Amino acid sequence: MNISAIPVDLTNPGQVLACMGFLEASEALLGYAEARFDWQPATGAQFQLRTETSENPFADLLAFLADAKAIAIVPADWLVPSKITEFTIADTFPAPEADATSLPIQLQDSTGRSVLLNHWADGGVDETFKLYAGNRSAQKIANDMLREIVALWNTRHDALLLDPLNVLCSMGGSFNFDPRGAWMGLDVGYSINDLKSNKELEQKVVASPVVELLAAWGLQHARPFELALRRYRYAVWNDWLPPQLARPALSGQLPLAHKRQYQFALDLSGKNKIVCYAIQENTP
Amino acid sequence: MNQQALVISVRLLDDRYHGNGTWPPSPFRLFQALVAAAYTGSTASDAEAAALRWLEQLPPPVVLSPACKQSALTTYYVPRNGADAQQGNLAAAAKKRDAKLAKPWLFDGQQPLHYVWFFAERADEAQTLAELSERLYQLGRGVDMAFAWAEQLSADQAKQIIVQHAGPVFRPTPLGVSNMLDCPSPSRSLDSLLTRYQGQLKRLRKGEFHKPPLPIFQPTGYNCPSSLLLFDIQNQHGDVAAQTLTAAAQFTQRLVELAKNRLKQHFPEYAERYLAGIGANDADKALRIRAIPLPSIGYQRTNPDIRRVLVEVPADCPLQLADVEWAFAGWPLDVNLETGEIDPHTPVLVKANDHKMLEHYGISGQKAARVWHTVTPVVLPLGKSFPAQSGAERVLKQGQLHHAARQALRHCGITAPVQILSIQREPFDSTGTLAEDFAFQRFDRSRLYHLELAFPEPMTGPLVIGDGRYLGLGLMRPATESPRSVMRFAINPSNRPTLQSRSDMLQAVRRALMSLDRQLFGQASRLISGHEADGSADRSGNHQHIFLAADDNDGDGLLDCLLVAAPWGCDRNAKYSNGDRERFEMVVSRLMTVRAGALGIISLQLQDDTANHEDSLLSSAKRWKTISAYRPTRCPKTLAQADDAIRVDVVNECLRRGLPEPKVEILNIHQGRKGGIKAQLSLSFAVAVAGPLLLGKDSHEGGGLFGAE
């Protein structure tokens, strides 16, 4: 099996969730896959992915994203709002009711390969981990992220392959998983939103579209463990695990000899929840 | 080796600290403050940078802090610095505000914080840091201005400072997983702070906002509580295998012996020292593992046999929790050594899933209690005792027992001024057992006693005291405390208000209580404020909020005592819930200082219940006389009708309060400028009535206060 590795900041919850997303994506698109985190290298922590079919699964997955578009999934007999331009009708729907801002989406590339992303509409769990709010829809956010990934794929191809989670670009609305793109007026000293009205002063916040999209994918079958209101734990593991075991391992619920646990909080910025950097737990 | 210590002392200029996180300010906060001091204006010298790098390599320091409490949450609305976005319109910019939350820690600003690092040899870096400390200018947020000084001492001198420190001492327990303080991370913290500073300078690039990287630090456990393992005692079939209560010590001894033997194969030194106490010195006591057999309690008729075992593993114990669990769990406690057979009735410890039972032993944050009594008797550290026959001998023996009980508490590290309510041979629970029935080998019957204790502050379990605490003897449980309905405070003589300012003072007291109520429960309740949630006055027709009164006992014209009475303390018909009782106790018992505007700051001292029986306001008596004038609940229309009207009004008021009907003697009647009528009265009841007696229209504000004649 081939092993590929990328750098990861273990205190960035978005990056760890994105690693989970890479694992899920590998299994969905490339076949059997295993992954682990290695925090020993002096150069920094790494996320390692092992697959049977691909020499560089990260490159293959990014190529899929660079070629994909997001299509909304709507329930049958549902009056589709005009703002949803591209959609497909599904016989089954994960939530009791459809909401135009949080419809499930399907990522589909030109060869017809498609995957389903719908953790924000999952009616079967208590915690959907939907962090974005307001007028944005999951489909629009995903398409924005895909557009940014295409731009990076075309302009910064090598950097993106070497370090996909740390190639940043300025972004508008996102899923709010990358703490690098999260800000609060009190911390920054002023409100970046207030400057939007003036084109000369406008500031764009930089973050990683790969982290944003892959983190959403990583949450498809796994969640961080909820410790208290807006306070969560996640774990990273050092043993090779397939997605079926990595999912409980991510929440820290799998007893493993070599793991590290981190706690992070969700802060509120207006109605949006934003992810804060995590702190490693003092595990003996 | 000549061990040294670096002691950095910091004093904040104000009596409060606004920094985020828990108390005390973490060592990493201090490290950040030192970095800020070193890099003020320009870059730091090489020597200072080297000293900071040396400091981040040291093990976490001991932190000494003054006692403190957290104030109420306050929200400030601060401008967003958005003048640019408003095209320079400052008036418009000032309207754009963000909510900023502040919940500062309050403490005595005269007391410095001390951070004590220990290291092997005398180091030049410590001297550099001592000089650098004098340039420190803040600790925490921008408003937390501070100054510091430091010195390099021998380890013994530093330990002396720690021993003599009057406030809380925070010691690092690196294996602990709660009570975290952030500490500098070796080889990373200084670099991360410099990188963050550089990132902050360059956060705006080509119209893009780049969030600066965060500092790196290491959360470290400080004074972490012990880990608890709860086991059920079962037989080989999975049924409960209860052990006799009086055999608690024997059972524990066997349990510890078996666990020690298992661990000894893998950790020979640790197993003997920290599990069995063999070769353990005084310093090892805090690290010793304790097996505590838990008798079943909770209901009046519960059979108090031992069905569970609690194993307490201190946070700093060198043995890992998983190893301790392995040593205790799943092993049969009795094996036939000749045949190797295990009797199916042999008990086995099985890890318990249901921890609800621990609440009966006060093992839960919400289950703290002030009064505790023993379930298994305490082995008192007594010498040879003698049978007391004469009265003098009995007094002497009682004195010895009290002294031994205090020694037992001191041995367990309990230094708070504990009130010993009772020392007796008989159990406190109806299903309990006489103390002497627990006699066992070195613990003969003359040293075994049941104890009831009252702590100044609520305590959480597990609480096990006495010489038998490692063998399951001296186990205590929270006792039901009769709730107080009246609290009496002495007013500090340095600032006693005059009789004429009684009303102003009582208003200030109510404000102070409402503030405490808000601080503790988030919002002031009707019980304290006398107002409904919507702000309207409480007009339910019943007495549902507290009564306040103040009195001049010694007749010098100055108020020297304050009474705060719960509604059910002054009205026998008042309905109340357990929540109200707890709230009254929690809020009122915390009253210490009243800021009463022009009257100044009034200090109060909560009096013992024992003093209440001698107080004329709280004792029982048949005849009572007004101290503050009585105002009728229904005002008579003319002064001529006042006499009869007041008599009827007082009688009705007494009946409404659940008191017997008194004979009323009117001593004088006074009519105010606006027609209001007040009277001085004397009441005679057929039976003795317990105080406080607060009657009439303004009885919640100190009017209609009666004293026993």
Side-chain angles (χ1 to χ4, degrees), chain A residues 9-12 14 42 44 166 168-172 178-208 227 233 252 255 257 260-265 267-270 274-284, chain B residues 21 60 76 78-87 92-93 96-101 172-183 185 187 192 199-200 203-222 224 227 313 315-323:
Chain A
D9 175 3
L10 297 178
T11 62
N12 182 330
N166 288 306
L168 310 181
C169 63
S170 56
M171 297 201 306
D178 192 346
R180 290 170 295 191
W183 58 270
M184 287 171 67
L186 275 178
D187 293 340
V188 176
Y190 56 92
S191 169
I192 296 174
N193 266 354
D194 287 352
L195 302 174
K196 274 184 182 171
S197 54
N198 189 333
K199 281 287 170 200
E200 288 177 8
L201 298 173
E202 187 180 6
Q203 293 172 10
K204 293 273 189 183
V205 183
V206 299
S208 163
L227 296 166
R233 166 187 290 150
R260 279 184 176 185
Q261 294 189 161
Y262 295 81
Q263 283 188 23
F264 72 98
D267 231 324
L268 289 176
S269 179
I274 57 171
V275 166
C276 299
Y277 277 96
I279 294 174
Q280 189 185 340
E281 283 184 10
N282 201 18
T283 38
Chain B
Y76 298 98
V78 295
R80 280 187 186 172
N81 299 337
D84 285 350
Q86 303 298 328
Q87 319 295 334
K96 294 266 184 182
R97 286 170 183 261
D98 269 330
K100 185 175 187 176
L101 306 177
T173 50
L175 293 180
V177 290
S178 58
N179 297 353
M180 309 296 260
L181 289 181
D182 300 332
C183 290
S185 187
S187 308
S192 75
Q200 190 78 8
R203 60 182 181 166
L204 293 178
R205 280 171 261 164
K206 297 176 188 169
E208 287 180 340
F209 180 84
H210 296 254
K211 198 170 176 178
L214 292 183
I216 296 173
F217 49 83
Q218 179 62 53
T220 305
Y222 269 78
C224 287
S227 302
V313 185
D316 244 5
C317 178
L319 287 162
Q320 295 269 317
L321 194 63
D323 295 327

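Numbers restart at 1 for each chain; the letters A, B, ... are given by sequence-line order, proteins then strands. Because only heavy atoms are used, hydrogens play no part in the values below, and waters and symmetry mates are left out as well, while side chains stay in. For clarity, every value in this text was computed on a predicted model and none was experimentally measured.
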Heavy-atom distances under 4.5 Å only: say whether A/Leu201 touches chain B with side chain, backbone, both or neither. side chain
Going by heavy atoms in the side chains, are B/Asp84 and A/Tyr190 under 4.5 Å from each other? no
With a 4.5 Å heavy-atom cut-off, do A/Val206 and B/Phe209 have their side chains touching? no
Could you check whether any side-chain heavy atom of B/Ser192 comes within less than 4.5 Å of a side-chain heavy atom of B/Pro215, counting everything from C-beta outward? yes
Taking side chain as everything from C-beta outward and backbone as N, CA, C, O, which of these in B/Arg203 sits under 4.5 Å from a heavy atom of chain A? Side chain, backbone, both or neither. side chain
No-hydrogen, no-angle side-chain donor-acceptor test under 3.5 Å, A/Asn166 and A/Arg180: yes
Okay, B/Gln200 and chain A: the region with an atom under 4.5 Å from a heavy atom over there is neither
So, the part of B/Leu204 with a heavy atom under 4.5 Å from chain A: the answer is side chain
Residue A/Ile192 versus chain B: region with a heavy atom under 4.5 Å: side chain
Main chain of A/Trp183, side chain of B/Lys211: is a donor-acceptor contact present, judged purely on distance under 3.5 Å? no
Out of B/Lys96, B/Lys100, B/Gln86, B/Lys206, which one racks up the most heavy-atom pairs below 4.5 Å with chain A? B/Lys100
Which of the residues A/Gly189, A/Gly185, A/Ala182 is involved in the greatest number of heavy-atom pairs with chain B at under 4.5 angstrom? A/Gly189
Please step through side-chain contact (heavy atoms from CB on, under 4.5 Å) for the pair A/Met184 and B/Asp98, ending with a clear verdict. CA-CA 10 Å; A/Met184 287 171 67; B/Asp98 269 330; over 6 Å; no
Using heavy-atom distances under 4.5 Å, tell me whether A/Glu202 contacts chain B through its side chain, its backbone, both, or neither. backbone
